[in-house]
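The structure appears below as structure tokens.
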4 protein chains.
Amino acid sequence: MRCKLKLTRAEQKALRPQQIIDAAFEEFARNGFAATRVEDIAARIGVTKGTVYVYFATKEDLFAAVVMQVSQPFAEMIPYIEAVEGTYQERLKKVIRLFYDKLMVDRRARELIRFMISEAPRFPDLVDRHDDEFMAPIATRIKSLIDQGVAAGEFRDGPASWFAEIICAPALMMTFTRVLFDNRRPLDEAKFVEAHIDIMMNGLAAN
Amino acid sequence: MRCKLKLTRAEQKALRPQQIIDAAFEEFARNGFAATRVEDIAARIGVTKGTVYVYFATKEDLFAAVVMQVSQPFAEMIPYIEAVEGTYQERLKKVIRLFYDKLMVDRRARELIRFMISEAPRFPDLVDRHDDEFMAPIATRIKSLIDQGVAAGEFRDGPASWFAEIICAPALMMTFTRVLFDNRRPLDEAKFVEAHIDIMMNGLAAN
Amino acid sequence: MRCKLKLTRAEQKALRPQQIIDAAFEEFARNGFAATRVEDIAARIGVTKGTVYVYFATKEDLFAAVVMQVSQPFAEMIPYIEAVEGTYQERLKKVIRLFYDKLMVDRRARELIRFMISEAPRFPDLVDRHDDEFMAPIATRIKSLIDQGVAAGEFRDGPASWFAEIICAPALMMTFTRVLFDNRRPLDEAKFVEAHIDIMMNGLAAN
Amino acid sequence: MRCKLKLTRAEQKALRPQQIIDAAFEEFARNGFAATRVEDIAARIGVTKGTVYVYFATKEDLFAAVVMQVSQPFAEMIPYIEAVEGTYQERLKKVIRLFYDKLMVDRRARELIRFMISEAPRFPDLVDRHDDEFMAPIATRIKSLIDQGVAAGEFRDGPASWFAEIICAPALMMTFTRVLFDNRRPLDEAKFVEAHIDIMMNGLAAN
DNA sequence: AATGAATGAGCATTCATTCAT
DNA sequence: TATGAATGAATGCTCATTCAT
């Protein structure tokens, strides 16, 4: 109980990297990599610049750590997709809703997307790694789900089955309206999700 | 003949702003706003830093000029969409293909999207302006096209008609695979486009 | 008559240097030498930078020309002092009043003083020249006037006669209150002048 | 002993602001505000530009600190004037001599006067503050001294009593001969002071 | 572990000056 | 004569990084 008030030095030390990553996420999200100052990251958690360098050798390393950290929501998607049950239609609907859950509920997931797009030329390895570990496996599983739906006679055997990206694209689209306009130009998100599911289900439906 | 080698002062001057904007586009696309050096922009066209400031008061102004300039492909979409002919199905197909033409053929359009996403927090006015002048009018025309298709009995009257963004989202998705991976992870783009059109047409079809 | 509306080119040319000097005076007075931009000087008379350089080789040369120009009020003091008439008391009073006339009525004289003090380390030759041509001759004539007054029995033969600077110092003091505070802290100038004359006359009076 | 060669970090830090102010004083005095380079200030104490900015946010802030610092000689005048003793004639003489002590002995006081005059348009607040804190209080005390002398029958009740500025003006005049000519045109300063006191005492004397 | 003074390379921006027209 | 595009050397200020404490 007292641990909230006074941590031992060892506890402090164990917490620091996470604190720094959290603070860095906020600053990178606000300013982008280049325009973020290490000092501002430090100030957010009440330490000084030097402390950041105790845990991370360079600003780039810290950025990479932030990206790995905020990839977590995507990692969680994989077992979820593997575990969905019901008809294939139901399963696909759940997967689509999962995207919105991750992207709209968890700001970290949204900003990760933005990091990827913004900093792609500076961090190509990071982009590839993120694709290898998260996006590609997710796409594979969705495609496999569609293929099974086709085999089960629920979906028609069209070219759409080859591209999970198409099925999920509208979720990304909504992500950008948030990222671009913050809340300046609101969208009826519930309706948007239903429309998305509606058109994809109709588009995929057999006969 | 010699005009290629030596332009008059007046000719040079008339060309300069465009030269600078072109050079700036390349640098901003490569590095983002914050990490781009005005000196590098100048060097690209063989002038010195000072020359850039003869034409643009600040780096921010120059960025805004670049954005306006590369919005051109989007401006051209509007009259095109208004002029498409054929059944509403045909019209919508043409519009979807138009997105790919603009986004995949013209690198500037792709990078504009990236600028918007990367620099949104620093240039909210630019983002809004781009939306007001280009994206919103395009969306409006697409929605109107769908509505007419519904009225004509070609499309069913579902929720999808409310969101042009959903119809076009996969084109944006493909844009990002290019932007993110450059050409490291190629996609069968022709097939992707056909799949996109296929699923949307089936999703919208009446009956 | 028409000369005000349309000057011949030759007339224009003859006027330009004076126009430039006038404009330069205003800018140097406002900003000091270092912080004045040649472009602003040019803009004041509706020409461009290049034109200034047609007439003056460098900004320093132009500054020197301005200083020479605004020394005129001081040059005019010499014949005036030589021509004053009346008792020596009356003459000295007139000379003191002359200082106020020059320094308080003519803003150019005030600013010249300020130029001298501000830019002395950068333009030592200018300072010396101004002293040789104007200040020293004026001081010499005032001293001579006092000496004559002593010889005539109007003034006592005290040490004060050796320093014209002491007699005139309050006029300089008032100049600075104007220069420093512009009009933020007004002074009763008429009273100040009378007090100045009163104390000097009493201080010099024989017996 | 070794302390002269190697100070601890803490000692260094405590000294830095003063070192920077001292160095800045020299540079500002030599070149004026606009023409002084922060880099030269830093070089004077063997540090780099960046170090100056650790302690002062802008060049303007540093200038203000310098001005506050060199106002010290004027601050010291106030208690001195309040403490002078003797007849009012004696007191006033001491006060006049005090001006020369401050202005001629302490170069900083001279340069402060020059700063005020040179940079008045750029730093009006600084000028006002210096007047409020130092010049106006000094003038008030001198006026009060004269008024008491009048009441005591030592000074006549003339208009001169209204302006302490007149009484002290010659000290300022001498200051300028130093500031303008450095030592190129020396003045017999001892004689000048005596002449100043002589004429003021005679000018003020009752009868 | 944490600090923060110091660095030094960097960068946006300015401006006196030049010169082809 | 006048222009104004172009230059290039500055210069104020920033910030990632280092390191002695």
Side-chain angles (χ1 to χ4, degrees), chain A residues 9-10 12-14 16 34-42 46-62, chain B residues 6-17 34-42 45-62, chain C residues 9-10 12-14 16 34-42 46-62, chain D residues 6 8-17 34-42 46-62:
Chain A
R9 212 169 275 189
Q12 268 288 10
K13 182 187 166 179
R16 271 285 133 82
T36 289
R37 293 146 31 96
V38 173
E39 192 160 17
D40 289 342
I41 295 170
V47 299
T48 60
K49 266 187 307 204
T51 305
V52 174
Y53 283 92
V54 171
Y55 297 94
F56 300 92
T58 65
K59 194 169 84 160
E60 298 208 351
D61 286 357
L62 176 53
Chain B
K6 220 182 212 175
L7 298 170
T8 66
R9 271 283 171 105
E11 285 166 333
Q12 269 290 11
K13 189 201 160 165
L15 258 37
R16 275 278 181 263
T36 288
R37 293 146 27 93
V38 173
E39 192 157 17
D40 289 342
I41 294 170
I45 53 171
V47 298
T48 61
K49 256 188 311 194
T51 304
V52 174
Y53 283 94
V54 171
Y55 297 92
F56 298 93
T58 66
K59 196 169 83 159
E60 297 208 352
D61 286 356
L62 177 52
Chain C
R9 210 170 276 188
Q12 267 289 13
K13 182 187 164 177
R16 270 284 134 80
T36 289
R37 293 147 31 96
V38 172
E39 194 158 15
D40 290 342
I41 293 171
V47 298
T48 62
K49 264 186 310 201
T51 305
V52 173
Y53 283 92
V54 171
Y55 297 93
F56 300 92
T58 67
K59 195 168 84 159
E60 299 209 350
D61 286 357
L62 176 52
Chain D
K6 220 183 212 175
T8 67
R9 270 281 172 105
E11 285 166 333
Q12 269 291 11
K13 189 202 160 165
L15 257 38
R16 276 279 181 261
T36 289
R37 292 146 27 93
V38 173
E39 193 158 17
D40 289 342
I41 294 170
V47 298
T48 62
K49 252 188 316 194
T51 304
V52 173
Y53 284 94
V54 170
Y55 297 92
F56 299 92
T58 66
K59 195 168 85 159
E60 297 209 351
D61 286 357
L62 177 53

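All chains are named by letter (A, B, ...) in the order of the sequence lines, taking the proteins before the strands, and each is independently numbered beginning at 1.
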Restricting to nitrogen or oxygen on both sides, can you table the protein-nucleotides 8-10 of chain F pairs closer than 3.5 Å?
| residue | atom | partner | partner atom | Å |
| --- | --- | --- | --- | --- |
| dA10(F) | N6 | Lys49(B) | NZ | 3.4 |

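Contact record, Ala42(B) with Val52(B): CB-CG2, 3.8 Å, taken as the closest heavy-atom pair. A pairwise comparison of heavy atoms in Pro17(D) and Tyr55(D) identifies CG-CD2, 3.9 Å as the closest pair. Residues Ala34(A) and Lys59(A) approach most closely at O-NZ, 3.5 Å, considering heavy atoms. Between Lys49(B) and Glu39(B) the shortest heavy-atom distance is CG-CA, 3.6 Å. In terms of heavy-atom proximity, Thr58(D) sits nearest to Tyr53(D) at CA-CE2, 4.2 Å.
Helical stems in DNA chain E, defined as runs of 3 or more consecutive Watson-Crick or G-U wobble pairs with both donor-acceptor distances under 3.5 Å, are listed by first residue as E:2-21 with F:2-21.
If you take CD of Glu39(B) and P of dA9(E), they are 16 Å apart, rounded to a whole angstrom. Atom P of nucleotide dC15(F) and atom CZ of Phe56(A) are separated by 21 Å, given to the nearest angstrom. For the pair Leu62(A) CG and dC15(F) P, the interatomic distance rounds to 16 Å; values are reported in whole Å.
When distances are taken from the side chain of Lys59(B) to each of dT7(F), dG12(F), dT13(E), the shortest belongs to dT13(E).
Tyr53(B) has no side-chain polar atom (N or O) that falls below the 4.0 Å cut-off from OP1 or OP2 of dC15(E).
Residue Tyr55(D) is in sugar-phosphate contact alone, with no base atom involved, counting any heavy-atom pair closer than 4.0 Å across all strands shown.
Across the interface with DNA chain F, nearest-nucleotide mapping of Gly46(B) and Thr58(A) shows Gly46(B) to be the residue nearer the 5′ end.
For the atom pair Phe56(A) CZ and Ile41(A) CD1, the distance stands at 9.5 Å (nearest 0.5 Å).
Side-chain atoms of Arg16(D) and Val47(D), non-hydrogen and from C-beta on, do get closer than 4.5 Å to each other.
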